[in-house]
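All ligand and atom numbering here is 1-based and tracks the order in the structure.
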Amino acid sequence: MKVKPLKRMQRQMVLCMLCSNCSATCCSFKARGWESYTPRARVVMSRFFSEGGFADPAPFAERLFACTMCRECDVTCDAGFSPWELFQSARAELWASGAAPSALKPFNDAIKEAGNPFAFNKEARGDWATRAGNMLATDNKNLLFAGCIPAFKQGDALAKIARAYHAMGKPLSVIPGSRELCCGLPALDSGNVDLFNDRMAANIKAILDLAPERVVFACPSCYSFVKEHYGKESTEFGKIPLVFFTDDVIEGIHANRLKVKGFDSETLVSYHDPCHLGRFTRLWDSPRDIIKAVPNARYLELDNCKEHTACCGAGGQMMVTNPADNKAIADKRVGEAVEKNAAVLVNTCFTCQDTLQGAAFRVAEDLDVVHILDLVDV
Ligand code: SF4
Ligand code: SF4
């Protein structure tokens with residue numbers, strides 16, 4: 001994958017009319033309230049940076065990396081260019097020149113050395129599979145791309161997904177040993193394009209070697225970035241169907257192979273679309289259909305939903321670069337559910353789950369934040 005040099009994007013940057021439509025919906029601007037944290041200011045600063053205008057790029061870098069890369073400005077801007085693509089190029093140039101925030105370096109080093117952002121022993125990636133008992137297959141008809149967070153931190157959830165697929169009659173197989181690596185998204189968000197390309201090439205080879213019929217994803221972010229980039233890199237990879245697990249789970253429910261849990265009495269339930277699932281890949285039906293299948297769940301749509309979803313605050317590696325903004329954005333997101341009187345906020349992403357659950361502890365103690373797997377009875 002190549003990121004366009006900023007200089008070659010100057011024709012896009014001059015398209016910005018400074019209308020500020022993008023500011024009203026930008027989560028990072030809402031968290032800070034300063035004009036220099038709006039998308040349009042980031043566009044103007046990127047143009048100035050591309051013309052060599054900053055003697056010291058640090059203040060620009062601070063503002064650019066205080067963006068969740070949620071891509072909402074791409075949806076609201078109708079000037080005919082992608083602010084998000086521009087920010088990706090600017091991040092790449094800041095990383096290449098050594099001006100990206102130093103907080104990003106340790107986990108980029110970990111992705112390079114250990115194949116995951118936590119610097120965990122790469123050989124431990126598949127340890128969760130022991131919790132799946134004999135529910136896994138070896139035929140690679142449905143090959144799981146586990147993802148770093150599920151594999152190292154959510155082994156019970158992955159075992160649950162494995163049980164669900166077994167119950168549906170399409171058991172999962174796994175990429176053996178330490179051959180599955182980080183999908184590369186955190187590196188790309190950092191501007192470290194070379195590391196993203198390196199991880200992508202290794203994962204493509206590992207998967208093609210297994211000749212799977214389909215690849216199944218547990219993490220919205222891995223799903224989104226593999227879908228967006230890997231097929232462009234390898235035509236052979238591009239022919240493999242890629243599936244997010246909720247699309248299969250709802251089929252399993254409709255086919256009576258899977259059951260959902262129920263609430264004791266009528267309960268107002270909302271759904272948070274993770275940016276990478278809702279806005280990036282436009283997958284929003286199956287999670288809603290799973291919720292609607294739950295007895296006594298009364299479904300409530302949040303105002304910011306589907307392609308206009310609001311970020312949980314963790315996008316763009318904000319947890320390491322801007323933890324205070326991350327929390328402020330998450331607090332606003334759970335506030336939306338509280339305003340609707342929702343009792344339960346469901347999501348499909350383990351990172352959103354942690355971030356929004358933390359926010360609920362701080363500002364919405366009556367709101368239950370649950371991962372969609374908690375609704376499935378396996
Ligand atoms: S909506 Fe588009 S054109 Fe308007 S200020 Fe934002 S980036 Fe510029
Ligand atoms: S990507 Fe999201 S956080 Fe970043 S400038 Fe655009 S709307 Fe704001």
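Geometrically, K153 does not engage F350 in a cation-pi contact, judged by NZ or CZ lying under 6.0 Å from the ring centre and within 45° of the ring axis.
Protein contacts to atom 8 (Fe) of ligand 1 involving N, O or S atoms at a distance below 2.8 Å are C16 SG.
Ring geometry, H276 versus F225: the interplanar angle exceeds 60°, so the pair is classed perpendicular (tilted spans 30 to 60°). Taking the six-membered ring where tryptophan is involved, the planes of F244 and Y223 are tilted, since the angle between them lies from 30° to 60°.
Using a cut-off of 4.0 Å between Lys/Arg side-chain N and Asp/Glu carboxylate O, D273 and R279 are scored as not salt-bridged. Looking at D285 and K306, no side-chain N of the basic residue comes within less than 4.0 Å of a carboxylate O on the acidic one, giving no salt bridge.
Only side-chain heavy atoms of F87 come within less than 4.0 Å of ligand 2; its backbone N, CA, C and O stay farther off. Under 4.0 Å from ligand 2, the heavy atoms of R42 that appear belong solely to its side chain.
Remark: ligand 2 atoms within the under-4.0 Å shell around heavy atoms of C67 are 1 (S), 3 (S), 4 (Fe), 5 (S). Atoms of ligand 2 found under 4.0 Å from any heavy atom of C26, numbered from 1 in the order shown, are 3 (S), 5 (S), 7 (S), 8 (Fe).
Annotation: side-chain contact (heavy atoms from CB on, under 4.5 Å) contacts of A167 (sequence neighbours excluded): L258. Partners of K122 according to the side-chain contact (heavy atoms from CB on, under 4.5 Å) rule, which considers only residues two or more places apart in sequence or in another chain, are S178.
Counting only heavy atoms of the protein, atom 7 (S) of ligand 2 lies nearest to C73 N, 3.5 Å.
The closest approach between F29 and ligand 2 stays at or above 4.0 Å for every heavy atom of the residue.
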Q: Report the C-alpha distance between T76 and N21 in whole Å, list the side-chain angles of each, state the deciding distance to 0.1 Å, and finish with yes or no for side chain to side chain donor-acceptor pair (under 3.5 Å).
A: CA-CA 7 Å; T76 46; N21 284 350; over 6 Å; no

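Proximity annotation for atom 2 (Fe) of ligand 2: of C70, G313, S28, C275, C70 comes nearest, heavy atoms only.
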Only distances under 3.5 Å count here; give the side-chain donor-acceptor pairs of residues 1-8 to other protein atoms, sequence neighbours excluded, each with its distance to 0.1 Å.
residue, atom, partner, partner atom, Å
K4, NZ, E85, OE2, 3.3
K7, NZ, S50, O, 2.8

